[in-house]
Amino acid sequence: MTAVRTALVVGGGIAGPVTAMALRRAGIEATVFEAYAGGAEGIGGTLTIAPNGLDALRAVGAEAAVRAVGQPVTRTVVSDGRGRRIGELDSLRDLPPSQAMWRAELYAAVHGQAVAQGVRVEHGRRLVGVEETGSGITARFADGGGASADLLVGADGIRSTVRALIDPGAPGPAHVPLLNFGGPADYAVPGARTDTTYFVFGSRGFLGYWVQPDGRTAWFANLPHKEPMSAAQARRRPKGEWLRLLREIYAGDRPGAELLRHTDPEELVVLGSVEIMPSVPHWHRGRMVLVGDSAHAPSPSSGQGASLAAESAVELARCLRDLPDVTRAFEAYVRLRRTRVEKVAARAAKTNNTKTLGPAAISMMRLMMPLAVRTFLKPERTLGLEQRHHVDWNAVVG
């Protein structure tokens, strides 16, 4: 085992608290430092925790808390904007179902569990620099304060400060030519099941949704948009204007038109362009290392972002638990993670391309999908490699 006994975890989103819980289980006292003064309650759109993510959360004692806020989904139905079914994909029946939820609910669940396990979270601590010695690392914050530990973990997202400290030449996030929106609608789509996610390839944009047990519908939409637009830029435009645009674009689609008509402008989630992380050459340097979106942020189309972050948190903790020094632990961690996360990212990039299909391509999809589902789009082939992944906490890292 390394001599590591303490860690600073920079980033208080999803990956940070999960990493802190994993490190604590490995015998490493971890404190989370979040740049913003408050938490992320009520912030963000929808996401899914896949079976492999639940498996990783189980290793840190957070699975039950996350399941408590999730909605089990066991199949996906694909249709076109006229309401014509294109195909149906079942989940892997011998695995627990994926859990659909709002990001704010996941945030509250993992934060609550981390605090219950004794993790300290400090808000308003924005990292601006580090000082390393042979035996430790000190973080310097914008408020003038600092904190020292044996190592520092960057769980600070797609615009990671820690990534830039590890490698000033590291790539930043890449733009995907899709705008991302979401929200809750006071409308239950007739005939829709609560255990099903629905993907609709409309004539001008993609829309996904699921009906919640309370009768409201959670939806998310992707619109083709060539120029990058940050979330901050998108939010400068009033939500009412965005909602009017969305209602125009989806006016001829079913059930998009009704979902948007029943969405309150104040509840519209405006996220700007979809962004992904290209391959990050260096995940660690000295006593600093990356987890989650700071190292590997696939497109939301993957349905795997939060799940991969949880896996990486557990693998990092295992490596630090079992290997004799920090460098070897970090190197083993990268070997265990890089190939897997980059395969998921590549698959998600292909999915992004389908969201920009025109009417002719969607018609061809409608013709070909039934055959594809009967042949090569079998659940095991499409989902098995990603969702059956298991991180064995008890196995020793060699």
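Computed from a predicted model, the values in this text were never measured in an experiment. Reckoned from all heavy atoms, side chains included, excluding hydrogens, waters and symmetry mates.
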Six-ring centre of Phe141, Arg125 cation under 6.0 angstrom, axis tolerance 45°: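 Output yes; distance and angle both within limits.
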Does any part of the side chain of [Y], heavy atoms only, come nearer than 4.5 Å to the side chain of [X], both counted from C-beta?
X: Leu308; Y: Arg337; answer: yes
X: Tyr209; Y: Val200; answer: yes
X: Glu267; Y: Lys239; answer: no

Full working for side-chain hydrogen bond (donor to acceptor under 3.5 Å, both in side chains) between Thr197 and Thr76: CA-CA 5 Å; Thr197 53; Thr76 300; 3.0 Å; yes
Indicate every side-chain donor-acceptor pair of residues 167-189 with a distance under 3.5 Å to a residue at least two apart or in another chain.
residue, atom, partner, partner atom, Å
Asp167, OD1, Gly169, N, 3.0
Asn180, OD1, Asn222, ND2, 3.1
Asp186, OD1, Arg216, NE, 2.6
Asp186, OD1, Arg216, NH2, 3.1

Minimum-distance pair of heavy atoms, taken over all atoms of Ala310 and Val18: CA-CG1, 4.1 Å
Got a list of side-chain donor-acceptor pairs under 3.5 Å for residues 109-117, not counting sequence neighbours?
residue, atom, partner, partner atom, Å
His111, NE2, Gly12, O, 2.6
His111, NE2, Gly13, O, 3.3
Gln113, NE2, Gly61, O, 3.3
Gln117, NE2, Val60, O, 2.9

Test log, rule side-chain hydrogen bond (donor to acceptor under 3.5 Å, both in side chains), inputs Arg163 and Ser294: CA-CA 7 Å; Arg163 183 175 65 238; Ser294 62; 5.5 Å; no
Set of residues satisfying side-chain contact (heavy atoms from CB on, under 4.5 Å) with respect to Glu266, sequence neighbours excluded: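 Counting only residues at least two positions away or on another chain, Glu266 forms a side-chain contact (heavy atoms from CB on, under 4.5 Å) with Asp264.
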Given Thr6, Thr133, Thr138, the one that forms side chain to side chain donor-acceptor pair (under 3.5 Å) with Ser148: Thr138
side-chain hydrogen bond (donor to acceptor under 3.5 Å, both in side chains) assessment of Trp393 paired with Glu315: CA-CA 8 Å; Trp393 177 262; Glu315 290 285 35; over 6 Å; no
Cluster check Val280, Met288: I/L/V/M/F/W/Y, side chain < 4.5 angstrom: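 Result: yes, single cluster for both.
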Trp219 and Thr46: CA distance, side-chain angles, deciding distance, side-chain hydrogen bond (donor to acceptor under 3.5 Å, both in side chains) verdict: CA-CA 8 Å; Trp219 62 267; Thr46 59; over 6 Å; no
Residues Arg67, Glu63: salt bridge by 4.0 Å N-O rule: yes
